[in-house]
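Down below is the structure, laid out as structure tokens.
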Protein chains: 2
Amino acid sequence: MKPVTLKDIAETLGISITTVSKALKGYPDVSKKTRALVKELAKTLNYKPNAFAVNLRTEESKTIGLIIPEIVHHFFSSVIKGIISQAEKKGYLVIILQSNESYELEKKQLDLLLSKRVDGILISLANGTADFKHLVEVIEQGKPLVMFDKIAKIVKCSKVIIDDRKAAYTATQHLIDTGCKRIAHFRGPLLPQNAIDRFLGYKKALLDNNMVYDPSLVYLFEDMTFEVGEMFAKKIMDEHTDVDGIFVNTDLVAIGAITEFNRQGVKIPEDISIVGFSNWFMSSAITPSLTTINQPGFEMGKKAFKQLYKEMKAKKNKKEVIPKIIELETVLVKRNSTK
Amino acid sequence: MKPVTLKDIAETLGISITTVSKALKGYPDVSKKTRALVKELAKTLNYKPNAFAVNLRTEESKTIGLIIPEIVHHFFSSVIKGIISQAEKKGYLVIILQSNESYELEKKQLDLLLSKRVDGILISLANGTADFKHLVEVIEQGKPLVMFDKIAKIVKCSKVIIDDRKAAYTATQHLIDTGCKRIAHFRGPLLPQNAIDRFLGYKKALLDNNMVYDPSLVYLFEDMTFEVGEMFAKKIMDEHTDVDGIFVNTDLVAIGAITEFNRQGVKIPEDISIVGFSNWFMSSAITPSLTTINQPGFEMGKKAFKQLYKEMKAKKNKKEVIPKIIELETVLVKRNSTK
DNA sequence: CTGAAAGCGCTTACAG
DNA sequence: CTGAAAGCGCTTACAG
């Protein structure tokens, strides 16, 4: 009933706990005979080291924390999958917490992870986060921290990102190249760095092509939902009948817009071209299929863990870590929502 | 730099570690003055108990494990969200692992969680799992275990489920009630209990209505994807032009089928009616919108954790636990893919 | 009201 | 090659 301990094995074999421990860990200063004996007994008794004791001794839990704004999102769940798959390979477990896009919750979750003494932390910031003291504190404490996707530029730590500005530029340029003259942007929320960068890329593409940047064509919204896409599609039809192209922050919203345009008989791409962002699997399924930017979530998760792992290892060996910015490639996936 | 310990506080205040510990935990046998002093110092020093030591002493980690077949699935990510939200309220953290629908991996993950000594385990079975010894062992060890959604009927533990058979019956009956005479079923994989039960509900509805059950109208497939839906829609048009209704195992597959039928000019619901399963948010977005069975994922996650919590508490108090089957309500959501 | 002491199960520096 | 001992940081039964 009670779990088997080193002591149990030692007593049964009439040797010391020290020797049992060493034998199990394959230390060379144990005789072959003893080692075999110990290992055999451990196996038959189904011995499993008490993780709590090991943690206490080694000050390491082989567990990392992950804070994510929202789990129920195709992109983020792909990232999670990437993180878990990689963590598993290295023998790490992942504790997942959600910030619900709230700064207060994010702070609280970070504190929780710290008090649990996870070995490292992976985080994608909440939309509501504009102050970064809580993150700086983690770093000052020497706890490895890697940010991904939604990051804070001024915080000195490793980051795994895409070049949102460039990707948005490419998307907008594609609209221009295919003949769009008046291009709107469904921007999303105000604060997060990726929304800012996508907006900047959009704007720069316009200016580089000697097109007018018109702020009234930029639509802000908090929630990235299908319904928001429908709503703004309606708004465009009401307010700006001359718009012939839209660059949308997220596929889900773009698909909402497409659905509404379809419903109203607006032809895509003849009347309006649309480019999304993220390459959600539904974007190839919708009619017309959606031209979009591929954002490699699974890959991002893998890279983020790998970097964190390096930093945890470096810390263990008391080596200095130089923060690294890892940028993943994005690709424009051309489909039928653009000419 | 080094974390503050009870000893640090005790030494600074010139009192014993015992008293500091008691004061911080609000034990009544400490003078008000001492308690106030200790608490204040702890706060200014930002004392956080060493979770590893607490775990070792209390044999409790306030952490649970969750094994899920696939994270990147709207339904499962909703469940995860429900679990995490509830766990947070009770001060528990959640370690998430994926079985990738593989029995071997599921066993391995379970073992990992056990060796980490989580306080309890939540699991939804892999499609590949047909042997349940690994689960029985967990229970025999006295570790609280609750299964949800994809369960094994013969394993004696608490379960949170829906009545898949009844829901499938309702879905099929709705097709019959709206005039369908020849109803196919996209069944999904062979093994999981929920696929079996949905199939049985479909069959029973046919028989209760004196309709012929034709095995050639039941389509098996391993992966529940959009593409599978497209493919089987084509198959139906080739093989069974008389089919006028389909009950599909999952919304995603149903939406794939709708897309293909739309493409081929097959009218929904005039030529073929379709009912899905799960009420994925895209099912109200597609044209025509999809009639489906609402499967409460978030709710299921919450209930599963609540039950696990009860059992962990009972175990702590050395009370017996009687396994409980919690069945959540499902509702048929009528939309435009049926008459 | 306070504290000395045992103990949770492990790891590892050290002695022999 | 083997083992006694210290110690990780906490909790708690017990004595005073």
Side-chain angles (χ1 to χ4, degrees), chain A residues 1-39 41-42 45-63 91 114-119 316-318, chain B residues 1-39 41-42 45-63 91 114-119 316-318:
Chain A
M1 199 71 246
K2 279 213 88 182
V4 182
T5 66
L6 289 186
K7 204 177 157 200
D8 297 330
I9 298 178
E11 280 173 359
T12 318
L13 254 37
I15 58 177
S16 76
I17 293 174
T18 306
T19 305
V20 175
S21 173
K22 283 182 186 164
L24 285 174
K25 302 187 79 187
Y27 280 27
D29 61 343
V30 178
S31 73
K32 267 191 187 166
K33 212 176 121 192
T34 312
R35 190 174 342 175
L37 231 52
V38 169
K39 286 200 168 176
L41 185 58
L45 292 181
N46 192 23
Y47 168 75
K48 279 175 194 156
N50 182 323
F52 300 155
V54 177
N55 292 348
L56 179 59
R57 255 318 293 241
T58 60
E59 269 301 321
E60 220 193 6
S61 61
K62 293 275 184 182
T63 302
L114 251 25
S115 75
K116 269 283 168 178
R117 281 178 159 69
V118 291
D119 298 343
K316 224 168 129 182
N317 301 330
K318 311 212 186 274
Chain B
M1 201 68 248
K2 280 215 87 182
V4 183
T5 66
L6 288 185
K7 202 176 158 201
D8 298 329
I9 296 179
E11 279 173 359
T12 317
L13 255 34
I15 57 178
S16 77
I17 293 175
T18 306
T19 303
V20 174
S21 173
K22 284 182 186 166
L24 286 174
K25 302 188 79 188
Y27 280 26
D29 62 342
V30 178
S31 73
K32 269 192 184 166
K33 211 175 120 191
T34 313
R35 189 175 344 177
L37 231 55
V38 169
K39 287 201 166 175
L41 184 60
L45 292 181
N46 192 23
Y47 168 75
K48 277 176 196 156
N50 183 323
F52 300 155
V54 176
N55 291 349
L56 180 57
R57 255 319 292 240
T58 60
E59 268 302 322
E60 220 194 5
S61 61
K62 293 273 183 183
T63 302
L114 249 26
S115 76
K116 269 283 167 177
R117 280 178 160 68
V118 291
D119 298 341
K316 226 169 129 180
N317 301 329
K318 311 213 186 274

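Going from atom OG1 of A:T19 over to atom CZ of A:R35 covers 12.0 Å, rounded to the nearest 0.5 Å. The CD atom of A:E11 lies 7.5 Å from the OG1 atom of A:T5; values are rounded to the nearest 0.5 Å. Atoms CG and CG, on B:L13 and B:L37 in that order, are 4.5 Å from each other to the nearest 0.5 Å. Remark: A:E60 CD to A:N55 CG distance equals 8.5 Å, nearest 0.5 Å.
The closest donor-acceptor contact from the side chain of A:T58 to the backbone of A:V54 lies under 3.5 Å. For the pair A:T63 (side chain) and A:S61 (backbone), a donor-acceptor distance under 3.5 Å is present. Panel note: side chain A:T12, backbone A:D8; a donor-acceptor pair is recorded below 3.5 Å.
Nucleic acid contact for A:T18: base, since at least one base atom lies under 4.0 Å from a heavy atom of the residue. Base engagement by B:D29 is indicated by at least one non-hydrogen atom pair under 4.0 Å involving a base atom. Across all strands, A:K22 comes closer than 4.0 Å to base atoms (heavy-atom distances).
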Candidate pair B:V4 and B:I9, rule side chain to side chain contact (heavy atoms under 4.5 Å, CB included), full reasoning: CA-CA 8 Å; B:V4 183; B:I9 296 179; 4.2 Å; yes
Annotated structure of DNA chain C as dot-bracket, pair cut-off 3.5 Å, Watson-Crick or G-U only, | for inter-strand, is |||.||||||||.|||
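Nucleotides of DNA chain C with any atom under 4.0 Å from a heavy atom of chain B span, from 5' to 3', C:dC1 to C:dG9.
The residue among A:T19 and B:K48 whose nearest nucleotide of DNA chain D lies closer to the 5′ end is A:T19. For the pair B:L56 and B:P28, nearest-nucleotide mapping onto DNA chain C gives the more 5' position to B:P28.
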